[in-house]
Amino acid sequence: MNQRLVLRKSRFSDFLTRYNDLHKSGFEEWIFYPGMLFQDPCKWWGDGGVRRRPHEGLDFCFYRDKAGQYHSLDKKTMIPVMYAGKIVHIGDDFLGKSVYVAHDMCDNKGNKLYTIYGHTNPCHGIDIGKILNEGDPIAAIADTGKKRVKIPSHVHISMVWLPESFPYERLDWEKISDCRSVTLCNPLEFIDGKHKVEQ
Ligand SMILES: [Zn+2]
């Protein structure tokens, strides 16, 4: 059986909106701009130029409320984990830390599912080996206010399938993009909740 085909959707969006009381401000849907989506070649910030590599995941930053007002996530926003799993690695990225979580889900080729949460500030007690239930908060969004590159605070999510023998403790963003044995997939296909892509 190909589990990649039956992988159920994560309630990530539901957990995130509830933990951060976004429903109190009338959360309606996520807003994505070109550049935030999976495999998009361009940046959505600054001059909007070409990225060094096509986008390896999905960026969550903006949402719209029921009254049509736009909001952005702030540095206090807590990030939940997409599925139950175990933290296997924490590395740096250009805006903060990336948290790597292994899940007990395999595809028919024996590849294992990992989710990665980028540009974060991990919570106290979030460390390698920590076992997580679906929706457990793992980190806050990294504060980008003091960075030289002016990028709004946001969380980047990647979903990858890796061979069982892959040395995940050495994972970094270069390997995720360049390594042939890494299979990226589009997180938007596995995350529940409404969204809209705007130009
Ligand atoms: Zn991103």
Side-chain angles (χ1 to χ4, degrees), residues 9-10 12-13 15-17 20 22 29-64 70-83 85 87-101 103 113-122 126 137-162 168 171-179 182-193 195-199:
K9 287 208 173 191
S10 159
F12 173 84
S13 175
F15 282 114
L16 194 152
T17 51
N20 298 289
L22 301 190
E29 62 185 354
W30 294 105
I31 300 292
F32 298 113
Y33 293 102
M36 300 177 120
L37 301 171
F38 181 60
Q39 298 283 275
D40 200 293
C42 295
K43 300 173 187 168
W44 54 272
W45 63 88
D47 60 5
V50 175
R51 289 173 177 268
R52 279 175 59 207
R53 324 176 185 100
H55 196 210
E56 315 89 334
L58 181 65
D59 290 336
F60 285 85
C61 183
F62 305 108
Y63 67 94
R64 193 173 67 88
Y70 285 64
H71 304 261
S72 54
L73 300 180
D74 63 28
K75 62 186 179 192
K76 295 190 292 294
T77 307
M78 296 300 290
I79 311 304
V81 71
M82 279 179 66
Y83 298 103
I87 297 179
V88 292
H89 182 51
I90 297 175
D92 292 323
D93 61 47
F94 77 116
L95 294 176
K97 300 274 186 199
S98 293
V99 181
Y100 297 74
V101 181
H103 305 283
L113 179 70
Y114 293 75
T115 53
I116 309 158
Y117 307 80
H119 319 324
T120 71
N121 183 12
I126 287 297
I138 53 171
I141 289 185
D143 182 7
T144 59
K146 294 193 188 76
K147 296 279 171 186
R148 208 161 43 86
V149 198
K150 291 290 167 231
I151 305 178
S153 288
H154 66 280
V155 60
H156 168 105
I157 296 203
S158 279
M159 288 179 78
V160 300
W161 295 92
L162 299 177
Y168 52 75
L171 268 176
D172 57 31
W173 291 103
E174 300 265 309
K175 289 192 191 73
I176 287 167
S177 297
D178 302 335
C179 197
V182 174
T183 309
L184 283 161
C185 57
N186 184 358
L188 204 48
E189 291 174 12
F190 300 97
I191 288 175
D192 66 348
H195 74 271
K196 192 170 164 202
V197 178
E198 297 200 343
Q199 292 302 313

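Numbering of ligands and ligand atoms starts at 1, following listing order. Since we're looking at a predicted model, the values are computed, not measured.
The Zn ion (ligand 1) lies closest to atom OD1 when only the N/O/S atoms of Asp59 are considered.
His55 places a side-chain N or O within donor-acceptor distance of the main-chain N or O of Met36, the cut-off being under 3.5 Å.
For His119 and Phe94, the ring centers sit closer than 6.0 Å to each other. Side-chain rings of Tyr33 and Phe62 approach one another, their centers coming within less than 6.0 Å.
Metal site remark for the Zn ion (ligand 1): Glu56 contributes no N, O or S atom at a distance under 2.8 Å. With 2.8 Å as the limit, His119 does not count as an N, O or S neighbour of the Zn ion (ligand 1).
Residue Ile141 comes nearest to Asp74 through the heavy atom pair CB-O, 3.9 Å, listed as atom of the first residue, atom of the second, then distance.
With the Zn ion (ligand 1) as the vertex, ND1 (His156) and NE2 (His55) define an angle of 100°, rounded to 10°.
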